[in-house]
Colleague: 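The structure follows.
Order of the sequence lines fixes the chain letters, A, B, ..., with proteins taken first and strands second; residue numbering starts at 1 for each chain.
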There are 2 protein chains.
Amino acid sequence: MADVKSTINPLFLREEELRQCIELLFFAYRDFTAGPDQILKDYGFGRAHHRVIHFVGGNPGITVSELLDILRITKQSLSRVLNALVERGFVEQKPGATDRRQRLLYLTEEGKLLEHKISRVQQEQVAAAFRQAGGDAVAGYRKVLEGLISEEDREQAITRIMGR
Amino acid sequence: MADVKSTINPLFLREEELRQCIELLFFAYRDFTAGPDQILKDYGFGRAHHRVIHFVGGNPGITVSELLDILRITKQSLSRVLNALVERGFVEQKPGATDRRQRLLYLTEEGKLLEHKISRVQQEQVAAAFRQAGGDAVAGYRKVLEGLISEEDREQAITRIMGR
DNA sequence: AAAATTAAGTCAACATGGCTGACGTAAAAT
DNA sequence: ATTTTACGTCAGCCATGTTGACTTAATTTT
């Protein structure tokens with residue numbers, strides 16, 4: 001069937017393939033976030049808290065404005081989430097050494113525990129997919145996702161991800 | 001640097017790699033949804049409306065319960081969005097031929113226009129990433145994303161995506 | 001034919017996490 | 001001394017998810 005169509009109209013298969021790949025991303029992302037969401041529920045936290053925990057965990061001492069730049073949300077949105085995390089003792093703020101206006105963000109011990117708990121689940125899920133797909137597939141996955149990041153963001157995002 | 005660490009502790013690179021791939025998915029998904037969001041804003045619609053338009057467009061005559069099963073939201077959440085689309089003439093409902101309780105969903109001509117407009121942008125974005133990454137990378141991308149879908153959902157999702 | 005189940009819808013209330021706008025404070029840069 | 005920057009707060013709005021309770025019409029089961 002697809003064979004016939006692609007012989008008659010080579011663009012059909014391509015468009016259908018693109019459609020499939022788009023839906024694949026939708027379903028994968030949905031299941032990719034399900035594990036963390038489940039754990040976070042026990043703490044009364046949501047996905048927004050997870051993002052903060054994740055990026056503070058991976059970038060100890062990150063400033064508020066750097067975090068805002070990664071998350072691309074308003075400081076009012078961030079503050080709600082960040083204040084909850086600070087009040088409940090998962091994140092702590094220290095004034096910057098050279099610039100004392102800054103509040104450098106760190107995970108507390110409790111925060112690190114939660115971060116590990118969540119990322120272990122997520123890493124296991126991704127690791128299982130990688131094992132099953134093989135190393136070449138992983139390389140392809142990375143290439144495609146990098147290309148999916150918009151040009152304006154790409155350099156910034158990639159160096160942030162890779163450069164640590 | 002990574003060389004040293006991976007020589008000393010081979011698990012480090014693996015964990016760091018997983019972390020990178022997780023962030024890659026976060027950033028890619030963010031930019032992947034940005035284009036459609038932009039267009040939808042002009043119509044006063046959001047991402048929720050897009051999902052309905054997308055899946056009704058790809059599955060003409062889909063029932064409400066099938067759609068609920070794909071989107072994994074409550075019927076109350078769906079109804080808000082679906083009613084808006086029907087009222088504004090982007091989706092129409094027809095009673096099922098064999099089971100008249102069902103309301104089969106179709107895009108109107110206007111709905112198809114919007115669907116095309118959005119998916120053209122998204123498909124171009126994905127196509128650009130594919131072109132740049134190459135065919136092998138695309139195969140890898142698909143394999144990994146399939147593996148990322150949870151086992152319970154996998155067969156259902158995959159056959160739904162591929163089987164058309 | 002009567003009873004039970006199913007598909008779909010509705011009303012109401014609430015939570016999460018985005019947003020805008022306006023304004024405040026302390027530290028740093030000019 | 002003035003302006004800019006980093007960060008914060010208050011207040012209110014919007015989109016989209018949730019739960020729970022209940023209705024209607026059509027189909028299926030008994």
Colleague: Take atom CG of A:Asp37 and atom P of C:dT16, then tell me their distance rounded to the nearest Å.
Modeller: 13 Å
Colleague: Can you see whether A:Gln123 engages B:Arg14 through a side-chain donor-acceptor pair at a distance of less than 3.5 angstrom?
Modeller: no
Colleague: Base, sugar-phosphate, or nothing for A:Arg80, non-hydrogen atoms under 4.0 angstrom?
Modeller: base
Colleague: Among C:dA7, C:dG18, C:dG9, which is the nearest nucleotide to the side chain of A:Ser77?
Modeller: C:dG18
Colleague: In this structure, how many angstroms lie between the P atom of C:dG18 and the NE2 atom of A:His50, rounded?
Modeller: 13 Å
Colleague: Check whether NZ of the Lys or CZ of the Arg A:Arg88 lies under 6.0 Å from the centre of the six-membered ring of A:Phe45 and within 45 degrees of that ring's axis.
Modeller: yes
Colleague: C:dA27 P sits how many Å from A:Gln102 CD, rounded?
Modeller: 13 Å
Colleague: Could you check whether B:Glu66 gets within reach of a base, just the sugar-phosphate, or nothing at all, counting any heavy atom under 4.0 Å?
Modeller: nothing
Colleague: Whole Å only: how far is the CD atom of B:Gln93 from the P atom of C:dA7?
Modeller: 16 Å
Colleague: Which comes earlier along DNA chain D counting from the 5' end, the contact point of A:Lys75 or that of A:Arg101, where each point is its nearest nucleotide?
Modeller: A:Arg101
Colleague: Where each residue is assigned the nucleotide of DNA chain C containing its nearest heavy atom, which of B:Leu82 and A:Asp99 is assigned the position nearer the 5′ end?
Modeller: B:Leu82
Colleague: Regarding A:Lys94 and the six-membered ring of A:Tyr106, is the cationic atom NZ or CZ under 6.0 Å from the ring centre and inside 45° of its axis?
Modeller: yes
Colleague: Does C:dG17 have OP1 or OP2 under 4.0 Å away from a side-chain N or O of A:Arg47?
Modeller: no
Colleague: Identify, between B:Leu78 and B:Thr98, the residue whose nearest nucleotide on DNA chain D lies closer to the 5' end.
Modeller: B:Leu78
Colleague: Could you please name the option among C:dA27, C:dG17, C:dT6 that lies closest to any side-chain atom of A:His49?
Modeller: C:dG17
Colleague: Testing A:Leu82, A:Leu85, A:Asn59, A:Val86 one by one against A:Leu105 for a side chain to side chain contact (heavy atoms under 4.5 Å, CB included), which residue passes?
Modeller: A:Leu82
Colleague: Expressed as a whole number of angstroms, how long is the span from B:Leu68:CG to C:dT6:P?
Modeller: 16 Å
Colleague: Within the 4.0 Å heavy-atom criterion, would you say B:Ser65 contacts the bases, only the backbone, or no part of the nucleic acid?
Modeller: sugar-phosphate
Colleague: Nearest to the side chain of A:Thr74, heavy atoms from C-beta on, is which of C:dA8, C:dC19, C:dG18?
Modeller: C:dC19
Colleague: Between B:Asp136 and A:Lys143, does at least one N-O distance fall below 4.0 Å, as a salt bridge requires?
Modeller: no
Colleague: Please find the earliest and latest nucleotides of DNA chain D, in the 5' to 3' direction, that have an atom within less than 4.0 Å of any heavy atom of chain B.
Modeller: D:dT16 to D:dT27
Colleague: Assess, by modelled atom type and distance only, whether the side chains of A:Gln125 and A:Asp31 contain a donor and an acceptor separated by less than 3.5 Å.
Modeller: no
Colleague: Give the minimum heavy-atom separation between B:Gln122 and B:Pro36, together with the two atoms involved.
Modeller: NE2-CG, 3.5 Å
Colleague: Output the rounded distance in Å from CD (A:Gln76) to C1' (C:dT16).
Modeller: 16 Å
Colleague: Rounded to whole angstrom units, what separation is found between the CD atom of B:Glu87 and the C1' atom of C:dT10?
Modeller: 13 Å
